[in-house]
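Atoms considered below: every heavy atom in the structure, side chains included; atoms not considered: hydrogens, waters and symmetry mates. Atoms within a ligand are numbered from 1 in the order they appear, just like the ligands themselves.
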Amino acid sequence: MRIRAALPATLTAAAALAVGLLPAASAQATVRSAAHQGGLHLGYIQYDSPGRDTRSNASLNAEWVNIHNNSRSAIQLKGYKLKDNTGYTYTFGSYKIGAGKTVKVRTGKGSNAAGVVYWGRGSYVWNNTSDKARLIKPSGSLLDSCSWTTRDHGTRNCH
Ligand SMILES: [Ca+2]
């Protein structure tokens, strides 16, 4: 009696484990493959503002980073971070980036609008000689990074 009672319980547990584990493993594979195809990632970066670095707001805003949403759905960027090698960090406020859309993060001051947000700095953030941009999830995990040197002549295509 004890064996017959225990056996179905063991089988049920094993079946539940198998059912529980398989979809989890398959969901993880889907996430990996989506990340491999791009998803939310760094696009073009104009790390060297054209012309002399005068620190004017126009010159600061001519330094920018594009973030591209290559996924099939809109993504709320609130809490996402953009960070350089020094540790300067821009944290997104509420901004929904549509599927297939790009948002430009300009270094200087300005009013956020569709397709553009402003870091609000009074000095440049992206080093002209070499630096690395990082796109960080609200959880703190690194989503994408892209580095450059003077070889890239002011603009880096991080796609
Ligand atoms: Ca720069």
For the residue pair His41 and His68, categorise the inter-ring angle as parallel (less than 30°), tilted (30 to 60°) or perpendicular (more than 60°). perpendicular

Using 3.0 Å as the threshold, say whether any N, O or S atom from Trp126 sits that close to the Ca ion (ligand 1). yes

Give the ring-plane orientation class for Tyr95 versus Phe92, where under 30° counts as parallel, over 60° as perpendicular and anything between as tilted. tilted

Contact flag Asn128/the Ca ion (ligand 1), N/O/S atoms, threshold under 3.0 Å: yes

Is there an N/O/S atom in Asn127 at a distance below 3.0 Å from the Ca ion (ligand 1)? no

Restricting to N/O/S, name the atom of Glu63 that gets closest to the Ca ion (ligand 1). OE2

Rounded to the nearest 0.5 angstrom, the OH-CG distance for Tyr80 and Leu143 is 6.0 Å

Determine, step by step, whether Tyr118 and Arg106 satisfy the side-chain contact (heavy atoms from CB on, under 4.5 Å) criterion, reporting the C-alpha distance in whole Å, the side-chain angles of both residues, the deciding distance to 0.1 Å, and the verdict. CA-CA 5 Å; Tyr118 294 84; Arg106 296 189 184 272; 3.7 Å; yes

